[in-house]
Amino acid sequence: MRIDIVTLFPEIALAPLNESIPRRAQASGIVEIHAHDLRRWAPGKHRKTDDYLCGGGQGMLLKPEPLFAAVEELRQESSVVILSTPQGKPFVQAEARRLATCPHLLFLCGHYEGVDHRVIEEIVDEEISIGDYVLTNGALASAVICDAIVRLLPGALGDERSPEDESFSDPNLLEAPAYTKPVEFRGLHVPDVLLSGHHGEIEKWKESRALERTRANRPDLLGPGTGLRGDTNPLPGGS
Ligand code: ADE
């Protein structure tokens with residue numbers, strides 16, 4: 001896979017991707033990642049990339065010319081052009097899995113109040129948001145999306161680990177709590193069942209704790225009517 005990130009802050013985009021698993025994935029040729037300074041495509045001596053909103057309004061928008069020029073230079077036939085923006089579709093694990101099958105991802109990072117809408121109409125394939133909050137710029141968001149994708153590429157986690165075994169493999173359930181050694185720490189004990197060697201009991205314990213954790217932290221994942229929410233009245237319209 002090849003990833004290009006066009007941003008006013010290439011260092012912000014690259015910093016998280018030059019450590020740990022994404023760094024190793026690059027070193028072993030699983031992915032090639034390039035970050036580009038948007039100013040490279042900005043016209044004029046001052047390399048101006050932003051301007052005021054037509055019709056008034058607060059803040060500044062990224063101008064269309066540099067973004068169009070960047071995409072025209074970097075786009076390949078197989079590219080998916082992604083804009084990271086709080087106005088985008090929510091990024092979830094299933095989206096990471098889908099995008100991990102693409103040969104080329106080209107990220108455009110919003111800044112200030114966003115980008116001129118002609119960019120979205122003409123050159124962006126997908127708008128993606130990493131959550132319902134506003135970051136200073138899209139470089140950080142693009143790095144988050146790339147990290148989630150790169151670790152799913154075949155070979156990225158190493159032979160011994162599989163992305164299938166982790167949280168959000170089941171999109172409706174969080175992972176169960178996990179413990180390591182020492183088995184007793186400051187009077188806090190690892191649950192006995194995990195030390196019992198009884199795999200059936202351990203699996204049952206994990207399932208029930210995963211459900212408990214999901215009910216407490218992400219009740220939205222447990223659909224109505226599944227009976228998994230812990231509602232007293234799980235069926236819609238039921239009594
Ligand atoms: N840029 C600023 N905030 C963002 C968000 N929540 N998701 C994606 N891009 C962003």
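First listed ligand is number 1; within each ligand, the first listed atom is number 1. Since we're looking at a predicted model, the values are computed, not measured.
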Could you list, one pair per line, each nitrogen or oxygen of ligand 1 together with any protein nitrogen or oxygen closer than 3.5 Å, giving atom names and the distance rounded to 0.1 Å?
| unit_1 | atom_1 | unit_2 | atom_2 | d |
| --- | --- | --- | --- | --- |
| ligand 1 | 3 (N) | L135 | N | 3.0 |
| ligand 1 | 6 (N) | G131 | O | 3.1 |
| ligand 1 | 6 (N) | Y133 | O | 2.8 |
| ligand 1 | 7 (N) | I130 | N | 3.0 |
| ligand 1 | 9 (N) | T85 | N | 3.1 |

Subject >> Carboxylate-amine/guanidinium proximity below 4.0 Å for E212 and R215 >> reply: no

**OP:** Please determine if E95 and R98 form a salt bridge, counting it only when a charged side-chain N lies under 4.0 Å from a carboxylate O.
**Re:** yes

**OP:** Linking directly or through intermediates, with side-chain heavy atoms under 4.5 Å: list the remaining ILVMFWY members grouped with Y179, chain and number order.
**Re:** V183, V190, V193, L194, L195, I202, W205

**OP:** Using the rule that two of Ile, Leu, Val, Met, Phe, Trp, Tyr join whenever any of their side-chain heavy atoms come within less than 4.5 Å, decide whether Y52 and V115 are in one cluster.
**Re:** yes

**OP:** Check whether any side-chain N or O of S79 sits under 3.5 Å from a backbone N or O of V81 as a donor-acceptor pair, and report yes or no.
**Re:** no

Original post:
L221 and N172: which non-hydrogen atoms are nearest, and at how many Å?
Top reply: O-ND2, 2.8 Å

